[in-house]
S.K.: 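Below you will find the structure I want to go over with you.
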Amino acid sequence: MSFFSRYLPFVAAMALVVVASNILVQFPMQGQIGGLSLADLLTWGAFTYPFSFLVTDLANRRYGPAVARRIVFVGFMTAVVCSILIPPFLFRHGFIEFETAADRLVRIAAASGAAFLTAQLLDVTVFNRLRRQSWWRAPILGTLVGSVFDTVVFFSVAFSAAFAFAGPSDGFALESTPLMGLFHIDAMRWVSWALGDLSVKLIIAVVALIPYRLLAAHWSQPAVAA
């Protein structure tokens, strides 16, 4: 059985999560909670991307770190290509309300790719070092380390003015607002997005321990030794 047919569910899940996240990260949440504007705190992508770590950890548990890294690379390449091609398609067919400029799409895809590879490969490494310890330690610590690096790399490259050479900036993201919509400290909106995104990632990492535990128990032994 070929690599693609054997591991296709993991590759497809990885690509789906990252493509969805790259689209949804361009949509700030709308609404108010008291005096807090959700658009100053979160994008919809914060709720989908953390599941990429679940996919990686399950692949690592099932097949070992070498295969997990291969799935990361294949999922990464698929996701970057789809992240450039799918948003214009969705706009033309009326599924999203605005068209993102091509060079802006390239910048987002580059930010996503750099963050994805850094975070996922770190997750694989940390997970593999801890896989023989308590069942929860490897996935939670691997996701924690990966999430921090992913958030820093993605939001800096995608939105910071320091990376304007990579493509046009998003004016809304660069506006100054109270930090996370709560504190009496002004910061660019993308900084609040990054902090909100990281908070959601960590919450979902804990929630994702439930399906991880169920599937890890089903796969009592990895198919490939570490």
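This chain uses plain numbering: 1 for the first residue, then up along the sequence.
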S.K.: Search all heavy atoms of Thr125 against all heavy atoms of Arg69 and return the closest pair with its distance.
M.R.: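 Scanning both residues, the minimum pair turns out to be OG1-NH2, 4.1 Å.
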S.K.: May I have the step-by-step check of side chain to side chain contact (heavy atoms under 4.5 Å, CB included) for Leu130 and Leu141, ending in yes or no?
M.R.: CA-CA 9 Å; Leu130 301 176; Leu141 292 181; 3.6 Å; yes
S.K.: Return the CZ to OG distance between Phe154 and Ser160, rounded to the nearest 0.5 Å.
M.R.: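 Going from CZ on Phe154 over to OG on Ser160, the span is 12.5 Å.
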S.K.: State whether Phe172 and Arg189 meet the cation-pi test: NZ (Lys) or CZ (Arg) under 6.0 Å from the six-membered ring centroid, and within 45° of the perpendicular axis.
M.R.: yes
S.K.: Kindly give the heavy-atom pair with the smallest separation between Phe76 and Gly113, and that separation in Å.
M.R.: CE1-CA, 3.2 Å
S.K.: Would you kindly confirm whether Val126 and Val206 end up in one hydrophobic cluster when ILVMFWY residues are joined by side chain heavy atoms under 4.5 Å apart?
M.R.: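 Same cluster: Val126 reaches Val206 through Ile, Leu, Val, Met, Phe, Trp or Tyr contacts under 4.5 Å.
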S.K.: Do Asp57 and Asp123 have side-chain heavy atoms sitting under 4.5 Å apart?
M.R.: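 The answer is yes, as the side chains (C-beta and beyond) meet within the 4.5 Å cut-off.
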S.K.: For the residue pair Phe53 and Tyr49, does the interplanar ring angle fall in the parallel (under 30°), tilted (30 to 60°) or perpendicular (over 60°) class?
M.R.: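 It falls in the perpendicular class, over 60°.
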S.K.: Side-chain heavy atoms nearer than 4.5 Å, only ILVMFWY residues, links allowed to pass through others: does that put Val67 and Val17 together?
M.R.: yes
S.K.: Evaluate the side chain to side chain contact (heavy atoms under 4.5 Å, CB included) criterion for residues Met188 and Phe155: first the C-alpha distance (whole Å), next the side-chain angles of each, then the deciding distance (0.1 Å), finally the verdict.
M.R.: CA-CA 11 Å; Met188 285 176 286; Phe155 281 91; over 6 Å; no
S.K.: Does Pro178 reach the side chain of Ile185, with side-chain heavy atoms less than 4.5 Å apart?
M.R.: no
S.K.: Does the pair Leu198 and Val152 meet the rule for a side chain to side chain contact (heavy atoms under 4.5 Å, CB included), with working shown?
M.R.: CA-CA 9 Å; Leu198 180 59; Val152 171; over 6 Å; no
S.K.: Under 4.0 Å between a side-chain nitrogen and a carboxylate oxygen: does that hold for Lys201 and Asp197?
M.R.: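 Salt bridge: yes.
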S.K.: Measure across Asn60 and Val124 and return the closest heavy-atom pair with its distance rounded to 0.1 Å.
M.R.: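 For Asn60 versus Val124, the nearest heavy atoms are ND2-O, 3.4 Å.
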S.K.: Is the shortest side-chain heavy-atom distance between Phe127 and Pro139 below 4.5 Å?
M.R.: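 With C-beta onward as the side chain, the pair touches.
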S.K.: Going from CD on Glu175 to CG on Asp170, what distance comes out if it is rounded to the nearest 0.5 angstrom?
M.R.: 8.5 Å
S.K.: If we only count heavy atoms from C-beta on, is the Leu58 to Leu54 side-chain gap below 4.5 Å?
M.R.: yes
S.K.: Using modelled atom types only, decide if a donor and an acceptor are shared between the side chain of Thr48 and the backbone of Gly45 within a distance under 3.5 Å.
M.R.: yes
S.K.: Evaluate the side-chain proximity of Pro28 to Leu42: yes if any heavy-atom separation is below 4.5 Å, no if none is.
M.R.: no
S.K.: Looking at Arg107 and Ala166, would you say the former's side chain and the latter's main chain have a donor-acceptor pair under 3.5 Å?
M.R.: no
S.K.: If we only count heavy atoms from C-beta on, is the Met14 to Ser52 side-chain gap below 4.5 Å?
M.R.: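 Yes, side chains in contact.
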S.K.: Check Ala205 against Thr143 and note the closest heavy-atom contact, atom names and distance.
M.R.: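 Looking at all heavy atoms of both residues, the shortest contact is CB-CG2, 3.6 Å.
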S.K.: Quick one: does Ser134's side chain have a donor or acceptor within less than 3.5 Å of a partner on Trp136's backbone?
M.R.: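 Not at all, since once roles are kept as given, no pair shorter than 3.5 Å links the two residues.
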S.K.: Which distance, rounded to the nearest 0.5 Å, do you find between the OG of Ser156 and the CH2 of Trp190?
M.R.: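 Going from the OG atom of Ser156 to the CH2 atom of Trp190 covers 4.0 Å.
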S.K.: Distance check, rounded to the nearest 0.5 Å: Asp150 atom CG versus Leu122 atom CG?
M.R.: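 Between atom CG of Asp150 and atom CG of Leu122 there are 10.5 Å.
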S.K.: Calculate, to the nearest 0.5 Å, the distance between atoms CZ and CG belonging to Phe116 and Leu121 respectively.
M.R.: 8.5 Å
S.K.: Do Tyr212 and Arg61 have side-chain atoms, one donor and one acceptor, less than 3.5 Å apart?
M.R.: yes
S.K.: Under a 4.5 Å cut-off applied to non-hydrogen side-chain atoms, are Thr56 and Ile71 in contact?
M.R.: no
S.K.: Tell me every residue that passes side chain to side chain donor-acceptor pair (under 3.5 Å) with Gln133, counting only those two or more places apart in sequence or in another chain.
M.R.: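 Applying side chain to side chain donor-acceptor pair (under 3.5 Å) to Gln133 gives Arg137.
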S.K.: Would Arg213 count as a cation-pi partner of Trp135, with NZ or CZ less than 6.0 Å from the six-membered ring centre and within 45° of the ring normal?
M.R.: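 Verdict for Trp135: a cation-pi partner in Arg213.
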S.K.: Between Trp193 and Phe159 (judged by ring centroids, cut-off 6.0 Å), do the two rings come close enough to count as a pair?
M.R.: yes
S.K.: Keeping the roles fixed (side chain from Gln120, backbone from Thr118), state whether a donor-acceptor pair exists under 3.5 Å.
M.R.: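 Pair absent, no side-chain N/O of Gln120 close to backbone of Thr118.
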S.K.: Are Phe73 and Leu117 close enough that some pair of their side-chain heavy atoms sits under 4.5 Å apart?
M.R.: yes
S.K.: Linking I/L/V/M/F/W/Y whenever any side-chain heavy atoms sit under 4.5 Å apart, do Phe149 and Phe163 land together?
M.R.: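 No, Phe149 and Phe163 fall in different hydrophobic clusters.
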S.K.: Compare every heavy atom of Val207 with every heavy atom of Pro211, then report the nearest pair and how far apart it is.
M.R.: CD-O, 3.5 Å
S.K.: Of all heavy-atom pairs between Ile204 and Pro50, which one has the smallest distance, and what is that distance?
M.R.: CG2-CB, 3.7 Å
S.K.: Does Leu195 share a hydrophobic cluster with Leu174, counting links as ILVMFWY side-chain heavy atoms below 4.5 Å and allowing steps through other members?
M.R.: yes
